[in-house]
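Let me begin by presenting the structure, written as structure tokens, before commenting on it.
As a basis for the values below, the full set of heavy atoms in this structure was taken, side chains included, without hydrogen atoms, waters or symmetry mates.
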Amino acid sequence: MSKPLILVKLGGSLITDKTKPYTPNIEVIKRLAKEIHEAREEKDFNLILGHGGGSFPHVSAKKYQTQKGIINGDSYTGIAKVQNDAAKLNRIIIDELINAGENALSIQLSSCSISENGRIKYMYLEPVKALLNDGLIPVPYGDVGMDLKQGCCILSTEEILNYIARTFCKTELKPKKIVVCGIVDGIFTGDPLKNPETELIQEITNENIKTVGNYLAGSSGIDVTGGMVHKVERLLEIAKAGIESQIINGLVAENLKKALKGENVNGTIIKW
Ligand code: IPE
């Protein structure tokens with residue numbers, strides 16, 4: 001029996017300042033890396049750690065409208081810049097994971113996957129499997145993707161983790177759960193950063209998804225991948241395949257560590 005596998009996403013707004021271009025939240029990144037390392041010392045599990053792009057690739061992605069595909073001659077410059085900007089943030093994350101004592105390696109989706117209308121059609125997963133087999137941490141991240149229909153697209157971390165989870169679902173690598181870390185406690189009935197009256201939704205299931213769909217507005221700051229609606233849709237798809245997700249607040253110290261260790265954390269559970 002292989003070790004349980006947990007998929008994690010560190011949201012772009014958690015690890016960068018989404019209001020200031022190219023600004024990492026370095027103290028937050030360091031703390032999260034330390035929590036991951038401590039959790040892995042205390043409990044035996046495998047991890048795929050995805051992360052968003054925040055104020056790094058979203059700037060060029062927005063400028064060149066990369067999510068729309070190749071729309072004019074400048075789109076090619078956009079593809080190169082988005083890949084470069086996403087990779088710069090990824091290097092910072094990898095650096096801090098290594099500093100914290102973890103053997104983490106980048107997985108660059110623009111180089112190992114192909115998409116169709118913004119959905120990953122194929123991703124070469126053999127290196128990810130080999131890394132997991134050796135107890136290393138593969139780190140995929142929101143990236144530009146080459147797309148068979150529209151030329152290029154933006155691949156969110158949720159789309160990447162969704163593909164990995166669905167592919168691993170019927171194997172012994174079936175993920176135990178997905179933990180998504182953001183800057184608020186979970187999914188709310190409105191935008192908690194703008195309206196303090198909004199309430200946390202503890203659970204999203206097939207029963208309340210219609211009502212929740214009405215609540216989901218765009219996320220704060222810049223976002224080209226469709227905000228919270230897109231992210232919850234991708235997590236719901238995985239829930240249907242039998243894998244629960246948990247959305248938690250990564251700004252609260254120890255939350256990620258507790259979630260990784262299977263301890264109770266305030267947040268929103270997405271299950272089917
Ligand atoms: C998109 O990734 C990153 C790019 C624009 C290339 P995500 O959708 O996972 O990133 P965040 O969490 O919204 O920043």
* **Heavy-atom closest pair, residues Leu155 and Ser113** => CD1-OG, 3.8 Å

* To do: Check whether any side-chain heavy atom of Val82 sits under 4.5 Å from a side-chain heavy atom of Tyr64, and report yes or no.
  => no

* **Enclosure of Asn264 CG (heavy-atom neighbours >12, cutoff 6.0 Å)** => no

* Can any side-chain N or O of Asn195 pair as donor or acceptor with the backbone N or O of Glu197 at less than 3.5 Å? -> yes

* Asn25 side chain vs Thr16 backbone, donor-acceptor pair below 3.5 Å -> yes

* Are the side chains of Ile238 and Ile270 in touch, meaning some heavy atoms are under 4.5 Å apart? -> no

* Rounded to the nearest 0.5 Å, how far apart are CD of Glu233 and CD of Glu159? -> 11.0 Å

* Asked: Would you find a donor on one side and an acceptor on the other, under 3.5 Å apart, between the side chain of Lys43 and the backbone of Lys261?
  -> yes

* To do: Taking all heavy atoms of Pro140 and all of Ile48, pick out the closest pair and write down the distance.
  => CD-CG2, 3.7 Å

* Joint cluster assignment, Leu200 & Leu14, ILVMFWY side-chain distance < 4.5 Å -> yes

* Exercise: identify the closest heavy-atom pair between Phe188 and Tyr215 -> O-CB, 3.9 Å

* Are any non-hydrogen side-chain atoms of Leu193 and Ile183 less than 4.5 angstrom apart? -> yes

* To do: Mind running side chain to side chain contact (heavy atoms under 4.5 Å, CB included) on Ile243 and Cys169 for me, showing each step along the way?
  => CA-CA 8 Å; Ile243 302 162; Cys169 199; 4.2 Å; yes

* Asked: Ignoring hydrogens and geometry, is there a side-chain-to-backbone donor-acceptor pair from Thr268 to Ile247 under 3.5 Å?
  -> no

* **Closest non-hydrogen atom pair, Ser245 against Leu235** => OG-CD2, 3.5 Å

* Structure fact -> So OH of Tyr22 and NZ of Lys88: to nearest 0.5 Å the spacing works out to 6.5 Å

* Steps toward side chain to side chain contact (heavy atoms under 4.5 Å, CB included) verdict (Gln150, Asn117) -> CA-CA 6 Å; Gln150 54 182 57; Asn117 292 322; 4.0 Å; yes

* Test side chain to side chain contact (heavy atoms under 4.5 Å, CB included) applied to Leu131 and Asn103, Leu136, Asn46, the passing residue -> Leu136

* Single-linkage hydrophobic cluster Ile71~Val144, side-chain heavy atoms < 4.5 angstrom -> no

* Asp147 side chain vs Gly118 backbone, donor-acceptor pair below 3.5 Å -> yes

* Kindly check if the number of other-residue, nucleotide or ligand heavy atoms within 6.0 Å of CD (Glu126) is above 12? => yes

* Taking the side chain as every heavy atom from C-beta outward, state whether Glu96 and Asn99 have any atom pair closer than 4.5 Å. => yes

* Side-chain contact, heavy-atom cut-off 4.5 Å: Ser106 with Val139? -> no

* Asked: Do you reckon Val252 sits in the same ILVMFWY cluster as Ile36, going by side-chain contacts under 4.5 Å, direct or chained?
  -> no

* Salt-bridge present (Glu27, Arg31; N to O < 4.0 Å) -> no

* Structure fact -> Rounding to 0.5 Å, atoms CD (Gln202) and CD1 (Ile204) come to a distance of 11.0 Å

* **Polar side-chain atom of Thr23 near backbone of Pro21 as donor-acceptor pair, under 3.5 Å** => yes

* Quick one: which of Asn255, Leu49, Val8 gives a side chain to side chain contact (heavy atoms under 4.5 Å, CB included) with Val179? -> Val8

* With side chains defined as the heavy atoms from C-beta onward, is the minimum distance between Glu158 and Val180 less than 4.5 Å? -> yes

* Asked: Would a hydrophobic clustering, with Ile, Leu, Val, Met, Phe, Trp and Tyr connected at side-chain separations under 4.5 Å, put Ile269 with Ile248?
  -> no

* Just wondering, do Ser156 and Ile154 contact through their side chains at under 4.5 Å, heavy atoms? -> no

* Asked: Donor-acceptor pair, Glu263 side chain versus Lys258 backbone, under 3.5 Å?
  -> no

* Asked: Using the ring of each side chain (for Trp, its six-membered ring), is Tyr141 parallel, tilted or perpendicular to His51, with breaks at 30° and 60°?
  -> parallel

* CD1-CD1 distance between Ile26 and Ile29, expressed to the nearest 0.5 angstrom -> 4.5 Å

* **Spacing of Tyr122 atom OH and Cys112 atom SG [to the nearest 0.5 Å]** => 9.0 Å

* State, with a plain yes or no, whether a side-chain heavy atom of Arg119 is found less than 4.5 Å away from one of Arg234. => yes

* Any salt bridge between Glu244 and Lys177, counting N to O under 4.0 Å? -> no

* Could you state whether Ile92 and Val28 fall into the same hydrophobic cluster, counting links through intermediate Ile, Leu, Val, Met, Phe, Trp or Tyr residues with side-chain heavy atoms under 4.5 angstrom apart? => yes

* Minimum heavy-atom distance between His37 and Gly101, given as atom pair plus value -> CE1-O, 3.5 Å

* Check whether more than 12 heavy atoms from other residues, nucleotides or ligands sit under 6.0 Å from atom CD of Glu207, and answer yes or no. => no

* To do: With rounding to the nearest 0.5 Å, note down the distance linking CE in Met146 to CG in Leu148.
  => 9.5 Å

* Asked: Checking side chain to side chain contact (heavy atoms under 4.5 Å, CB included) for the pair Ile209/Trp272: CA distance, chi angles, key distance, verdict?
  -> CA-CA 10 Å; Ile209 183 57; Trp272 204 249; 4.3 Å; yes

* **Atom of Asp143, atom of Ala86 and distance for their closest heavy-atom approach** => OD1-CB, 4.2 Å

* Count the heavy atoms belonging to other residues, nucleotides or ligands that lie under 6.0 Å from OH of Tyr76, then report whether that count exceeds 12. => no

* Determine, stepwise, if the pair Ile201 / Asn208 fulfils side chain to side chain contact (heavy atoms under 4.5 Å, CB included). => CA-CA 10 Å; Ile201 303 166; Asn208 68 354; 4.1 Å; yes

